[in-house]
Amino acid sequence: MLETLMLSRIQFAANISFHILFPTITIALSWFLFYFKLRFDQTADPVWMRAYRFWVKIFALTFAIGVVSGITMSFQFGTNWPKFMETVGNIAGPLLGYEVLTAFFLEAGFLGIMLFGINKVSARVHTLSTLIVAIGTSLSAFWILALNSWMQTPQGHEMRDGVAFPVDWLAIIFNPSFPYRLMHMLIASGLTAAFLVAGISAYRLLKGDDKQAPKLTLKIALTVAALLTPLQVFVGDMHGLNTLEHQPQKIAAMEGVWHTEKGAPLLLFAVPDEEQKTNHFEVAIPNMASFILTHDLNGEIKGLNEFEGNHPPVAPVFFAFRLMVGLGMLMLAIAWFSRIQLWRKNQLPPWLLKALVVMSFSGWVATLAGWYVTEIGRQPWLVTGVLTIKDAATDIAAENVGFTLIMYLTLYVVILVAYLHTVFTMAGRAVEIEEISDDEKVKPVVYSHKVVKG
């Protein structure tokens with residue numbers, strides 16, 4: 001039977017894994033919506049409004065599930081990890097409070113206007129509301145990642161009787177890993193939303209939707225994906241250099257390096273063996289890990305043996321990292337190939353549209369893999385050098401944690417299936433909507449008291 005600590009870890013992993021799926025979409029999708037609305041205001045072309053009206057429904061559904069699933073996270077701090085807030089609550093509490101005050105209230109305050117005020121306020125006010133919601137979602141990511149990054153690379157605090165007290169808030173917020181994690185996550189959100197928009201648009205085209213809106217959104221989404229994928233590679237490289245400096249044991253686990261060595265090979269595949277401290281079935285490129293991580297073919301990478309008892313479990317970090325990178329390379333290839341095809345022929349063949357449909361939620365998988373690398377790679381620490389996972393865990397009965405875990409997992413599966421079904425159902429029904437009429441196309445925008453329907 002699993003012990004309380006392991007059950008608590010599984011439960012928190014399940015909660016965060018489910019919750020992160022939805023903000024990953026809404027952070028960037030809100031900026032897509034702002035762009036659609038701004039283009040409609042500029043051109044009065046109702047195709048932009050058609051795109052806006054369809055995707056704002058998916059945004060609302062995704063946002064709602066993200067908010068509800070996030071509530072359980074705060075409860076977990078008290079029920080499963082009570083020592084966390086006791087030890088670092090002076091830092092975690094204010095950062096989470098800033099997120100609510102500056103981001104969530106901003107989103108909630110203007111979300112109603114964005115969703116229901118399109119015919120009740122002026123075009124400028126409605127567009128401004130959409131912009132503010134987009135800013136709010138990004139601010140939310142800012143504060144959450146500030147806290148998470150501080151837990152990875154803490155600074156700006158001092159310990160008094162086992163409790164962390166802030167002494168420099170700027171150092172706490174802008175800790176060494178924060179800029180890289182923030183940029184990495186924002187770009188990941190952009191890619192997640194871009195492939196979702198592209199995949200659902202491709203689904204509509206495969207279903208016989210010959211209207212302009214899905215063609216337009218497909219083109220925009222693929223353009224965004226084609227631009228963001230190489231940028232993510234660049235940011236990921238900088239993030240890796242930062243991690244090597246501040247969390248070398250995580251890098252060692254990611255690369256499967258057991259002994260400190262110069263000119264370390266890049267393992268394309270291997271099976272790490274933590275008991276024997278070696279890898280089996282290695283497929284490697286000589287010197288390439290050192291070159292990527294240190295920009296020197298003979299650069300030194302510290303091995304896991306340097307961190308005996310203070311490094312993460314190797315296999316999950318090793319494989320999650322390869323899954324993230326592999327999906328990133330696949331996204332890069334599909335985005336560029338599809339965008340070039342659109343540029344040359346102004347349409348995509350059915351097989352490529354089907355591939356985009358399959359990739360609709362690929363951003364979810366890549367994001368989860370990246371988060372597993374980040375969070376598992378920090379173990380055995382909950383807050384590096386301050387609090388271990390074992391010391392923070394609850395001592396309630398394992399049966400209680402196991403019961404709630406089963407409830408959470410069952411509920412999450414039901415909600416996730418319902419969400420995916422709803423998204424594709426909405427896409428299928430959009431196929432049946434008639435194309436925009438000629439009268440609708442020439443109708444002007446009136447900014448003073450109403451917005452043209454698209």
Side-chain angles (χ1 to χ4, degrees), residues 22-64 66 103-141 186 189-201 204 209 211-225 227-228 423 426-427 430 433 435-437 439-454:
F22 303 98
T24 303
I25 291 176
T26 56
I27 290 169
L29 186 56
S30 59
W31 289 103
F32 275 90
L33 289 170
F34 172 65
Y35 178 74
F36 295 160
K37 186 60 170 57
L38 191 63
R39 292 292 292 146
F40 172 72
D41 290 346
Q42 292 172 339
T43 66
D45 187 344
V47 172
W48 291 106
M49 182 54 71
R50 280 288 173 89
Y52 181 91
R53 286 186 180 276
F54 174 77
W55 283 103
V56 79
K57 295 175 185 177
I58 293 180
F59 174 86
L61 173 66
T62 310
F63 184 87
F104 183 73
F105 282 177
L106 198 65
E107 298 169 73
F110 287 87
L111 183 64
I113 300 175
M114 175 182 169
L115 296 179
F116 307 112
I118 195 165
N119 293 318
K120 296 178 174 61
V121 298
S122 69
R124 288 189 179 91
V125 170
H126 185 265
T127 303
L128 178 63
S129 299
T130 305
L131 173 61
I132 292 175
V133 169
I135 293 173
T137 59
S138 299
L139 269 178
S140 182
L186 290 179
S189 175
L191 288 170
T192 301
F195 273 91
L196 175 63
V197 173
I200 298 302
S201 301
R204 290 176 60 177
D209 194 342
K211 297 190 288 294
Q212 292 302 311
K215 296 176 183 178
L216 180 65
T217 54
L218 176 64
K219 181 179 179 180
I220 292 171
L222 289 176
T223 301
V224 171
L227 292 174
L228 289 184
V423 168
M426 292 168 64
I433 299 175
E435 180 62 285
I436 299 167
S437 66
D439 292 338
E440 205 175 9
K441 289 181 180 179
V442 298
K443 193 179 294 184
V445 176
V446 179
Y447 283 100
S448 59
H449 64 278
K450 67 177 181 178
V451 181
V452 175
K453 295 182 179 180

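In this chain, residues are counted from 1 in sequence order.
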Quiz item: When you check the side-chain N and O atoms of Trp31 and Thr137, is any donor under 3.5 Å from an acceptor?
Solution: no
Quiz item: Out of curiosity, Thr26 OG1 to Ile58 CD1, how far, rounded to the nearest 0.5 Å?
Solution: 13.0 Å
Quiz prompt | Nearest non-hydrogen partners of Ala213 and Arg50, listed with the distance | solution = CB-CB, 4.2 Å
Practice problem: Give the C-alpha distance, both sets of side-chain angles, the deciding distance and a yes or no for side chain to side chain contact (heavy atoms under 4.5 Å, CB included) between Asp45 and Arg39. | Solution: CA-CA 8 Å; Asp45 187 344; Arg39 292 292 292 146; over 6 Å; no
Quiz item: Are any non-hydrogen side-chain atoms of Val56 and Phe36 less than 4.5 angstrom apart?
Solution: no
Quiz item: So do Leu106 and Leu139 actually touch side chain to side chain, heavy atoms under 4.5 Å?
Solution: yes
Practice problem: Measure the shortest side-chain to side-chain distance between Met49 and Ile118 over non-hydrogen atoms and say whether it is less than 4.5 angstrom. | Solution: yes
Quiz item: Is the charged tip of Arg204 near the ring of Phe54: under 6.0 Å from the six-membered ring centre and within 45° of its axis?
Solution: yes
Exercise. Measure across Ile27 and Ser189 and return the closest heavy-atom pair with its distance rounded to 0.1 Å.
Key: CB-OG, 3.3 Å
Quiz item: How about Val47 and Phe40: do any of their side-chain heavy atoms sit closer than 4.5 Å?
Solution: no
Quiz item: How many angstroms lie between atom CD of Gln212 and atom OG1 of Thr217, to the nearest 0.5 angstrom?
Solution: 10.5 Å
Quiz item: Looking only at heavy atoms, which two atoms of Ser129 and Phe110 are closest? And how far apart?
Solution: OG-CD2, 3.7 Å
Quiz item: Cut-off 3.5 Å, side chains only: do Thr24 and Thr192 have a donor facing an acceptor?
Solution: no
Quiz item: Looking only at heavy atoms, which two atoms of Trp55 and Leu196 are closest? And how far apart?
Solution: CH2-O, 3.7 Å
Quiz prompt | Interatomic distance, Ile200 atom CD1 to Phe195 atom CZ [nearest 0.5 angstrom] | solution = 13.5 Å
Quiz item: Are Lys37 and Thr127 close enough that a side-chain donor and a side-chain acceptor fall under 3.5 Å?
Solution: yes
Exercise. With side chain to side chain contact (heavy atoms under 4.5 Å, CB included) as the test, would you mind laying out the steps for Ile220 and Phe32 before giving the verdict?
Key: CA-CA 9 Å; Ile220 292 171; Phe32 275 90; 4.1 Å; yes
Quiz prompt | Qualifying residue, where the test is side chain to side chain contact (heavy atoms under 4.5 Å, CB included) with Ser30 and the options are Phe63, Tyr35, Phe59 | solution = Phe59
Self-check item: Test item: Lys215 side-chain N/O and Ser201 main-chain N/O as donor-acceptor pair under 3.5 Å
Solution: no
Quiz item: Any idea which heavy atoms bring Ala193 and Leu29 closest together, and the distance?
Solution: CB-N, 3.8 Å
Exercise. To the nearest 0.5 Å, tell me how far Leu33 CG sits from Thr130 OG1.
Key: 7.0 Å
Exercise. Output, in order, the C-alpha distance, side-chain angles, deciding distance and verdict of ring-ring contact (aromatic ring centres under 6.0 Å, His included) for Tyr52 and His126.
Key: CA-CA 12 Å; Tyr52 181 91; His126 185 265; 5.6 Å; yes
Exercise. State, to 0.1 Å, how close Leu222 and Ala198 come at their nearest heavy-atom pair, and which atoms those are.
Key: CD2-CB, 4.1 Å
